[in-house]
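Notes follow the structure.
Note on naming: letters A, B, ... go to the chains in the order of the sequence lines (proteins, then strands), and numbering restarts at 1 for each one.
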Number of protein chains: 2
Amino acid sequence: MEYNEAKNKFISTWGSLGTLWGINKAMAQIQALLFISTKPLSTEEIMEELQISRGNTSMNVRQLMDWGIVTKELVPGERKEYFTTEKDVQELARVIAKERSRREIQPVIKTLKEVCSIKDDGTEKTKELIKQTKALHDLADTADTMLNKLVNQNQNWLTKSLLKLFS
Amino acid sequence: MEYNEAKNKFISTWGSLGTLWGINKAMAQIQALLFISTKPLSTEEIMEELQISRGNTSMNVRQLMDWGIVTKELVPGERKEYFTTEKDVQELARVIAKERSRREIQPVIKTLKEVCSIKDDGTEKTKELIKQTKALHDLADTADTMLNKLVNQNQNWLTKSLLKLFS
DNA sequence: ATAAACTTTCAAAAATTATTGAAAGTTTAA
DNA sequence: TTAAACTTTCAATAATTTTTGAAAGTTTAT
């Protein structure tokens, strides 16, 4: 496997993984492309490499900037905008976890809280609803908190062998 | 908020959360419905409650059985099949984490491994590709392993206050 | 064997989501 | 101010995913 094949494989795999962290294919592919690029890329270059339209590129780059993982880079003497992505995987993971939590997990936790707080009218079905949604709420809340704490450690939890705790 | 409103809110929230664990809306809603039901439900009952077609119900129930979180329940003297879901949230989390890892994360880790193992031809772009995909591989691999170990603890990690480790 | 009761399949339709491209908008240089 | 260089917007279109429903398949009772 030489460079181009490997590059394409990486971009397409990362693109299809987009769903896993809740973004679309083009957005994930743009991020992937920037992630392995040795220099900032212009809109033109992104369009060319990924064979996508200007509008698509513009919207998805903007979204990546909203997520906080892509930034504009101004090249002196150039009118065009150039883009780079966060290159540190730890920081990337931290930002993604934080955003997903804020956008998707927190609202669900909030709803679960509301549902499991309804008045117990004594019927079996109400008791079951309360019991089960309470269990889910607690699980989701704990998992979310843990994920955030884990990912927010600024020490490198990879090399600190935190794994040992669970072995 | 009384029972029916709460029930609908739960089912629809859980349904839209489906994407987060990689399944479609109907599948998530069926699971949600069974999760708060006090008794096993037939295909008819599921169709009726969620207002979905027979074919849709059949296919999604089958998928939930493939995932291992819904099981057939045979009621003596009845010809119909009845369904129940795993009621324990810990076990549910364990199964979901395991399936997601197997279906989606492992294949990506495998690809990352391949890509970061290409021959270093000495060019800057190849070095960058190798370096960045290696970092992602290590992160993904560690995160996946941790998640599985966490979720496989059969002790109750909620009540064991594992949280304290990260506070 | 037959028929009733039920489940599964799958091609077609509907719904949803992503993408395009051209027009409108913005910024900069002269 | 004008015009060139660039970016953004968004209605239309395309692609993808989900859902339907009726036909085919299966099982069970008689």
Which comes earlier along DNA chain D counting from the 5' end, the contact point of A:Met65 or that of B:Ile52, where each point is its nearest nucleotide?
A:Met65
Parallel under 30°, tilted from 30 to 60°, perpendicular over 60°: which one fits the rings of B:Trp21 and B:Trp67?
perpendicular
Donor-acceptor contacts, no H, no angles, side chain residues 46-53 of chain B, under 3.5 Å, sequence neighbours left out:
residue : atom : partner : partner atom : Å
B:Glu49 : OE1  : B:Lys7  : NZ           : 3.0
B:Glu49 : OE2  : B:Lys7  : NZ           : 3.3
B:Gln51 : NE2  : B:Glu48 : O            : 3.0
B:Ser53 : OG   : B:Asn56 : N            : 3.2

Sequence neighbours left out, what passes side chain to side chain donor-acceptor pair (under 3.5 Å) with A:Gln31? Give chain and number order.
A:Trp14, A:Thr85
If you take all heavy atoms of A:Gly22 and A:Arg100, which pair is closest and at what distance?
CA-NH2, 3.5 Å
Consider only side-chain heavy atoms of I, L, V, M, F, W and Y, link residues closer than 4.5 Å, and tell whether B:Val61 and B:Met59 are in one cluster.
no
When hydrophobic residues are tied together by side-chain contacts of less than 4.5 Å, even through go-betweens, does B:Leu147 share a cluster with B:Val89?
no
Exercise: do B:Thr145 and B:Thr142 side chains pair donor with acceptor under 3.5 Å:
no
Any salt bridge linking A:Arg94 with A:Glu91? Criterion: basic side-chain nitrogen under 4.0 Å from a carboxylate oxygen.
yes
5' priority, DNA chain C, between B:Gly55 and A:Thr57 [closest heavy atom]:
B:Gly55
Apply side-chain contact (heavy atoms from CB on, under 4.5 Å) to the pair A:Glu128 and A:Lys131, showing each step before the final yes or no.
CA-CA 5 Å; A:Glu128 183 73 3; A:Lys131 178 179 143 217; 4.0 Å; yes
Assign A:Arg54 to base, sugar-phosphate, or nothing according to its heavy-atom contacts below 4.0 angstrom with the strands shown.
base
For DNA chain D, find the residues of residues 16-47 of chain B with a heavy-atom distance under 4.0 Å and give them by number; none if there aren't any.
B:Asn24, B:Ala26
How many whole angstroms separate atom CG of A:Asn56 from atom P of D:dA11?
17 Å
With sequence neighbours left out, write down each residue that passes side chain to side chain donor-acceptor pair (under 3.5 Å) with A:Lys80, or none if nothing qualifies.
none
May I ask you to list the residues of residues 76-85 of chain B, by number, that have any heavy atom positioned under 4.0 Å from an atom of DNA chain C?
B:Arg79, B:Lys80, B:Glu81
Start with the C-alpha gap between B:Phe10 and A:Leu136, add the side-chain angles, then the distance that decides, and say whether side-chain contact (heavy atoms from CB on, under 4.5 Å) holds.
CA-CA 11 Å; B:Phe10 171 63; A:Leu136 273 182; 3.6 Å; yes
Can you tell me the distance, in whole Å, between the CE atom of B:Met59 and the C1' atom of D:dT19?
10 Å
Please list, in 5' to 3' order, the outermost nucleotides of DNA chain C lying under 4.0 Å from any heavy atom of chain A.
C:dA18 to C:dT28
